[in-house]
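Read through the structure below, which is laid out as structure tokens, and then see the notes.
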Amino acid sequence: MIRKAVFPAAGLGTRFLPATKASPKEMLPLVDKPLIQYAVEEARNCGIEELLIITGKQKRAIEDHFDSAYELEDALTKKGKKELLEMVRKLNHINFAYIRQRAPLGLGHAILCAKPFVKVEPFAVLLSDDVIDPENSLLADMISIAARKQAPVVALESVAAEDVEKYGIIEGEAGADGVYRIKRLVEKPKPSEAPSRLGIIGRYILTPDIFDILETLPAGKGGEVQLTDALNRLAGLRPVYGYLFNGKRYDAGDKLGFLRATVELALKDKVLSAGFREFLVGLMKDEFSSLHSRP
Ligand code: UTP
């Protein structure tokens, strides 16, 4: 059973500048919910109740989002806006711990900051810019694989050849159960050097022995302490597994991925979908006719 989840949120979000200059990337909203809330709900849907956010500079808004908001709640109460009040209040009832990463020294370093919280048990890591469509059960599937194998599990996705440079890529073989036994991991390889097209996406079930490795791991690609490098060392010491995810994931830390996620999730929103669909169809018609009326 996994009881603890870690949400690293101390990165600089450079792919989304200028929006992320003074506001956390994790607070960018998809339809009406910030990215980090999707990840938090995903963990809680798996029964995980001990949550740690790794924060950094300019990240105050994350703490405020999950804190009580007296003035707002009071105003909503007085106006009798029960549904909105409920929506706001349910966020205050989640218990969070926060640890500050003193500088964005890399995802591996951010995970190492979680050591005093995690202590000695396996734990989940969720990167909130990777948004998993809430209809999927990726994290729950990974938790049951980790329990069965008694080993760490990373989520994988089959990525396009030209995109391997954006991911940690694994070398491994699928077992009879379809789960990959990982031999080696490489952070952001050149397409010519990639051992496969299986890229790591932002969901991990880790074991506390990762901390021993992270404590002595030198900085890797981009001068950052890379979680992929730590997992590569770990794979030399014990079995590490990969679970190939075939459902919908959005890279909402990237502008194009964010736009895709916004459109698809808005189309699934009960209240917004009809009006939004009508708008999109009209837009496509205009695009189409202007394409055909060009000389
Ligand atoms: P990313 O590389 O996707 O996020 O890191 P980033 O560094 O914020 O964004 P870009 O690449 O500059 O646009 C994956 C996750 O790890 C966290 C980020 O907040 C994100 O959730 N992270 C990264 C940390 O917490 N600390 C770090 O030092 C680096």
Side-chain angles (χ1 to χ4, degrees), residues 5-30 34-43 51-63 65-66 96-118 123-132 139 154-157 159 163-169 185-189 199-204 206 210-211 214-215 217-231 249-259 261:
V6 178
F7 303 85
L12 293 176
T14 50
R15 285 172 296 151
F16 225 113
L17 281 168
T20 46
K21 184 174 176 229
S23 316
K25 168 173 74 174
E26 295 74 15
M27 289 302 293
L28 290 169
L30 281 181
L35 298 182
I36 194 158
Q37 192 178 330
Y38 285 91
V40 164
E41 287 174 0
E42 188 182 331
L51 312 174
L52 170 71
I53 298 182
I54 305 293
T55 64
K57 290 180 184 64
Q58 315 284 14
K59 303 284 181 169
R60 265 287 305 276
I62 299 177
E63 289 175 55
H65 183 68
F66 293 110
F96 285 99
Y98 294 92
I99 290 180
R100 195 155 158 140
Q101 187 185 14
R102 67 188 150 80
L105 302 176
L107 176 58
H109 182 264
I111 301 295
L112 181 57
C113 295
K115 187 180 175 186
F117 167 85
V118 165
F123 60 105
V125 173
L126 294 90
L127 306 186
S128 37
D129 45 1
D130 267 339
V131 176
I132 304 298
L139 193 63
V154 304
L156 304 173
E157 197 178 80
V159 301
D163 285 339
V164 292
E165 269 177 300
K166 299 180 189 161
Y167 292 86
I169 299 290
L185 303 91
V186 199
E187 179 65 11
K188 302 192 170 93
I200 304 168
I201 58 170
R203 297 295 179 276
Y204 308 77
L206 299 178
I210 197 78
F211 297 128
L214 286 168
E215 263 159 359
L217 191 72
K221 268 254 156 83
E224 295 191 350
V225 179
Q226 299 289 355
L227 180 60
T228 308
D229 296 345
L231 286 166
R249 172 195 68 106
Y250 306 101
D251 179 4
D254 167 86
K255 290 175 190 175
L256 189 57
F258 180 86
L259 290 171

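Scope of the values below: all heavy atoms of this structure, side chains included, with no hydrogens, waters or symmetry mates. In this text the structure is predicted, and so the values were computed from the model without any measurement. Atoms within each ligand, like the ligands themselves, are counted from 1 in listed order.
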Revision key, fill the gap. Smallest heavy-atom separation, L28 atom then F258 atom, equals CB-CE1, 3.8 Å
Check your understanding: Which bit of A10 is near ligand 1, meaning a heavy atom under 4.0 Å away: side chain, backbone, both or neither?
Key -> both
Check your understanding: For ligand 1, which atoms have a heavy atom of G106 less than 4.0 angstrom away?
Key -> 26 (N), 27 (C), 28 (O), 29 (C)
Review point. Is there at least one pair of N or O atoms, one from T14 and one from ligand 1, spaced under 3.5 Å apart?
Key: yes
Check your understanding: Do you know the tightest heavy-atom contact between F123 and V118?
Key -> CD2-CG1, 3.3 Å
Check your understanding: Going by the atom numbers of ligand 1, which of them fall below 4.0 Å from some non-hydrogen atom of L105?
Key -> 28 (O)
Review point. In Å, rounded to the nearest 0.5 Å, how long is the span from NE2 of H65 to CD of E26?
Key: 12.0 Å
Review point. Any idea which part of Q101 is under 4.0 Å from ligand 1, heavy-atom wise: side chain, backbone, both or neither?
Key: side chain
Check your understanding: For ligand 1, which atoms have a heavy atom of A9 less than 4.0 angstrom away?
Key -> 19 (O), 25 (O)
Check your understanding: Short check: is a protein heavy atom less than 4.0 Å from atom 5 (O) of ligand 1?
Key -> no
Revision key, fill the gap. Counting from 1 in the order shown, the ligand 1 atoms closer than 4.0 Å to a non-hydrogen atom of A110 are 24 (C), 25 (O), 26 (N)
Review point. Looking only at distance, does K59 have an N or O less than 3.5 Å from an N or O of ligand 1?
Key: no
Exercise for review: Quick one: sort the F66 and F96 rings into parallel, tilted or perpendicular, breaks at 30° and 60°.
Suggested key: tilted
Point to revise | Minimum-distance protein heavy atom relative to atom 13 (O) of ligand 1 | key: R15 N, 2.7 Å
Check your understanding: Please state which protein non-hydrogen atom is closest to atom 20 (C) of ligand 1 and give its distance, to 0.1 Å?
Key -> P8 O, 4.0 Å
Check your understanding: Is any side-chain heavy atom of L52 closer than 4.5 Å to a side-chain heavy atom of F7?
Key -> no
Revision key, fill the gap. Residues L139 and A43: closest non-hydrogen pair is CD2-CA, 3.9 Å
Revision key, fill the gap. Residue, atom and distance of the protein heavy atom nearest atom 18 (C) of ligand 1 read G11 N, 3.6 Å
**Study point:** Polar atom proximity, L127 to ligand 1 (N or O, under 3.5 Å)
**Key:** no
Point to revise | Side chain proximity check, I200 to L156, heavy atoms < 4.5 angstrom | key: yes
Point to revise | Minimum heavy-atom distance Y98-I62, with the two atoms named | key: OH-O, 4.2 Å
Review point. Are the side chains of L12 and T20 in touch, meaning some heavy atoms are under 4.5 Å apart?
Key: no
Study note, to complete from the structure: A student checking ligand 1 against P104 at a 4.0 Å heavy-atom cut-off should list atoms 28 (O)
Practice item. State, with a plain yes or no, whether a side-chain heavy atom of L231 is found less than 4.5 Å away from one of V154. Key: yes
Review point. If you measure every N/O of L12 against every N/O of ligand 1, is any gap under 3.5 Å?
Key: yes
Point to revise | Polar contact flag for G13 and ligand 1 (N/O pairs, less than 3.5 Å) | key: yes
Review point. Do you know the tightest heavy-atom contact between V186 and T228?
Key: C-CG2, 3.8 Å
Check your understanding: For atom 16 (O) of ligand 1, which protein heavy atom lies nearest, and how many Å away is it?
Key -> L107 CD1, 3.5 Å
Study note, to complete from the structure: So the atoms of ligand 1 within less than 4.0 Å of a heavy atom of E26 turn out to be 19 (O), 21 (O)
Practice item. Identify whether the distance between the nearest side-chain nitrogen and carboxylate oxygen of K166 and D251 falls below 4.0 Å. Key: no
Review point. If you measure every N/O of K25 against every N/O of ligand 1, is any gap under 3.5 Å?
Key: yes
